[in-house]
Undergrad: 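Just passing along the structure, written as structure tokens.
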Amino acid sequence: MALLEVRDLSVVFQRKGEAPFHAVDGVSFDVEPGQTVGLVGESGCGKSVTSLAIMGLLPKRGAKVTGSVTYDGTDLLKLSDKQMRDKRGSELGMVFQDPLSSLNPVVPIGLQVTEVLERHRGLARKEAMIEAKDLLDKVGIPDPNRRLKEYPHQLSGGMRQRALIAIALACRPKLLIADEPTTALDVTIQAQILSLMKELVQDLGTALVMITHDLGVVAGLCDEVNVLYGGKVVEKAMRHRLFAEPRHPYTHGLLASIPRLDAPRGEKLTPIKGSVADNIPWTSACAFAPRCPNALDVCRSVTPAEEDQLGRLLRCHNPVVPGTPAAEEVPV
Amino acid sequence: MLRYTIRRLVQLVGVVLVLSMLLFAWLRLLPGGPVSALLGERATPESREALTKQLGLDQPIFVQYFKFLGRAATGDFGVSTGVQPGDSALEIFLQRFPATIELSFFAILIAIAVGVPLGYLAAKRRGGWFDNLSVIGSLIGVAVPVFFLAYLLKDVASSALGLPSQGRQDAIDATRVTGFFTLDGLITGEIDATLNALEHLILPAIALATIPFAVIFRITRAAVLDVLDEDFVRTAESKGLTAPVIRRRHVLRNAMLPVVTTIGLQTGALLSGAVLTEKVFSFAGVGQALAIGFERRDYPVLLLLIIMATIVYVVVNLLVDLSYALIDPRIRTR
Ligand SMILES: Nc1ncnc2c1ncn2[C@@H]1O[C@H](COP(=O)(O)OP(=O)(O)OP(=O)(O)O)[C@@H](O)[C@H]1O
Ligand code: SF4
Ligand SMILES: [Mg+2]
């Protein structure tokens, strides 16, 4: 049985006087113990909302969550607030995008690490401090004794994210969710943080859900990849199959729009035309249709169903034929 | 931090000097004066002239001012002509200041003790009935004139609750040490005197607390609303911390900065509110003395009390600034 089974997860935001908004629309995926699974898609496709729904961190009012999130045999969505608090931080860890705003500015780093150890492992402050020092050491923060006493504004961006990773992994969770953990960092730091995360989850045997809009991150880290579009998974495959042979026009476009080192000189990058703003509702169409080079008439009248094609899931009426080069550049 | 404190205190000396000069002149420019107040309108010109001379008011104003400064340096701030005629201004200050400090202290204590938790709860239940109700309540708190509430408490609540509504203490045998009646009882072991003084403080302190309460409530609510949306609160939740730890360590500690500022600024409002409250409850404090002092043009008492009130205001706000650094490491380590 998988460690995490997300089934038909939907999140609808309902604000007073506004139409309900389907931020996540029937998402399903599995995470095996120790496996790294990617959730990929552009801004606004529902990646963060999916992760917050799994962690039980969505606002109680105004967000309706349906489906199931089975972790280790229990449906997290059915747990009480107290039971969920016991799981968060101990079995489920999370790292967020912006390390500066994700740390409390008026609490020393040390306490922000020890409080999670005190809470879940029942350690006294002193023992927890010793352990916190080891943790900072392990995530590569130099001079940990000094850093424990410092405040977030005294650390560099990369160090802050290392501290947050130390906090998330302090209780050796079985599952770590990282929501764009490197987006707010310098490029050189990004690579360091990613290799640190890769190393740590391997050491601890922690399963990782990696959320990103950056296919480069996926390529370096993930075993399996879910491509999200407009709140739905449109393609799911093992990483090497997805990269070698993208079938969904959106995935195909994403891959064609990243610069490749092995590409012949002078090859043009082909960005996906349009933006999320062009989405049409999934209700009786494909949300990607207005931007899709493969779109057929049927795409605007029938919602494509999720189909299993030799271990790969695909939601498309007219998938890309394997071997097709990137679509001709279209004037945007 | 020390240098900053010293600089602020030096500034305070300057403020006091300038203020004393302006006040000195302004009081003497007010229509009427202590002579008319003491002798009435129908006194003979001769007796008026004699009293004017006796009070030294016949001399040019700057001569009067420098004489005042000279005497003030030796601790002589003049003699009261209206509030308690014949008593020295300093004596009146020493009697009355503790009363007002006690009253304001309990008022701000009530305002914080009720305003902060209520503001937090309202923010947590943003848009719910509790939130709406308490926001309306706080609006009423600001809008209702203090004297209306004070009379309501005095005339209705005091008999309903059996609480005293006059003065600082019943005529019981109590030893005076500091002039703070609640403290004196504790120091001398006369606990009943302390309790009696506390009973007398309840109603006027509630009356005086309404406006600071309403302001502290609204600021707390707004600050907590801001903090609740912060990423680090979500991080705290993602660590599975218990609700009380998140509330104290992550929400309130960050929301306290604006609240502390407000508390500092409210000391000014407290002093002006004290004038009305003390009048209604015949509470022998600074506010009452100021009211009587203005009626009877008691120059020495007015001057001393207003200057001391200013000093208290500046010192409280200095403490507020210093406590900032205590709360916020970004200021401390800059
Ligand atoms: N609390 C909320 N209330 C209403 N709508 C929300 C809320 N949170 C997110 N949304 C909406 O849900 C959609 C998905 O948001 P989400 O944050 O999951 O996107 P994302 O894929 O993480 O994008 P990004 O790459 O920008 O982080 C967005 O359109 C967003 O506006
Ligand atoms: S269903 Fe149609 S519009 Fe949607 S991705 Fe496939 S081909 Fe394009
Ligand atoms: Mg996001």
Side-chain angles (χ1 to χ4, degrees), chain A residues 15-16 48 51-52 54-62 81-109 111-120 149-154 163-164 167-168 170-171 173 176-177 179 184, chain B residues 1 116 120-132 220 223-261 320-334:
Chain A
R15 286 237 179 86
K16 252 183 231 158
S48 296
S51 64
L52 294 175
I54 296 171
M55 293 289 288
L57 289 175
L58 285 171
K60 305 265 172 313
R61 281 193 286 163
D81 181 64
K82 162 111 194 12
Q83 290 167 317
M84 205 53 206
R85 272 181 207 279
D86 288 341
K87 290 235 185 291
R88 281 199 299 262
S90 64
E91 296 188 53
L92 313 168
M94 181 144 186
V95 178
F96 297 95
Q97 174 171 342
D98 182 352
L100 179 57
S101 64
S102 297
L103 285 164
N104 185 334
V106 304
V107 172
I109 300 290
L111 182 54
Q112 300 195 50
V113 183
T114 55
E115 62 182 359
V116 70
L117 296 167
E118 288 170 34
R119 163 73 172 92
H120 295 294
K149 294 192 200 81
E150 289 189 340
Y151 291 86
H153 72 279
Q154 292 167 293
L164 279 160
I167 291 168
C171 296
L176 177 68
I177 301 180
D179 187 357
Chain B
M1 206 46 68
V116 170
Y120 176 83
L121 279 178
K124 270 300 251 197
R125 296 166 194 192
R126 151 179 21 184
W129 63 267
F130 177 82
D131 184 24
N132 292 330
T220 306
V224 169
L225 277 181
D226 279 350
V227 174
L228 283 176
D229 278 340
E230 295 277 359
D231 286 352
F232 59 78
V233 174
R234 196 183 51 192
T235 309
E237 291 285 1
S238 81
K239 292 149 98 172
L241 302 179
T242 56
V245 170
I246 295 179
R247 180 171 64 228
R248 247 186 304 115
R249 192 178 290 160
H250 296 284
V251 179
L252 282 178
R253 208 186 278 190
N254 277 283
M256 273 310 101
L257 282 170
V259 177
V260 167
T261 318
V320 164
D321 285 358
L322 292 179
S323 68
Y324 258 42
L326 222 60
I327 302 174
D328 193 339
R330 285 164 294 188
I331 296 172
R332 204 183 320 148
T333 53
R334 199 161 53 200

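These numbers come from the heavy atoms of this one structure, side chains and all, not from hydrogens, waters or symmetry mates. A, B, ... follow the sequence lines: proteins, then strands. Residue 1 opens every chain.
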Undergrad: Does the side chain of A/Phe96 reach to within under 4.5 Å of the side chain of B/Arg234, using non-hydrogen atoms?
TA: yes
Undergrad: Any chance you could measure A/Gln112, atom CD, to B/Lys239, atom NZ, to the nearest 0.5 Å?
TA: 5.0 Å
Undergrad: By a 4.5 Å heavy-atom criterion (distance strictly below it), what part of A/Leu92 contacts chain B: side chain, backbone, both, or neither?
TA: backbone
Undergrad: Does a side-chain heavy-atom distance below 4.5 Å link B/Arg249 with A/Leu111?
TA: yes
Undergrad: In Å and rounded to the nearest 0.5 Å, what is the CZ to CD distance from A/Arg88 to B/Glu237?
TA: 5.5 Å
Undergrad: So B/His250 and A/Glu115, side chain to side chain donor-acceptor pair (under 3.5 Å) or not? Walk me through it.
TA: CA-CA 11 Å; B/His250 296 284; A/Glu115 62 182 359; 3.0 Å; yes
Undergrad: With a 4.5 Å cut-off on side-chain heavy atoms, are A/Ser101 and B/Phe232 touching?
TA: no
Undergrad: Which atoms of A/Ile167 come close to chain B, meaning under 4.5 Å heavy atom to heavy atom: side chain ones, backbone ones, both, or neither?
TA: side chain
Undergrad: Counting only heavy atoms closer than 4.5 Å, note whether B/Val245 contacts chain A via side chain, backbone, both or neither.
TA: side chain
Undergrad: Report yes or no: does A/Arg119 contribute a side-chain atom to a donor-acceptor pair with the main-chain N or O of B/Gly240 at less than 3.5 Å?
TA: yes
Undergrad: Tell me, for B/Ile246 versus chain A, whether the close heavy atoms (under 4.5 Å) come from the side chain, the backbone, both or neither.
TA: side chain
Undergrad: Assess the residue pair A/Leu103 and B/Thr235 against the criterion (side-chain contact (heavy atoms from CB on, under 4.5 Å)); give the C-alpha distance rounded to whole Å, side-chain angles, the decisive distance to 0.1 Å, and a yes or no.
TA: CA-CA 7 Å; A/Leu103 285 164; B/Thr235 309; 5.8 Å; no
Undergrad: Checking the side chain of B/Arg330 only, and the main-chain atoms of A/His153 only, is there a donor and an acceptor separated by less than 3.5 Å?
TA: no
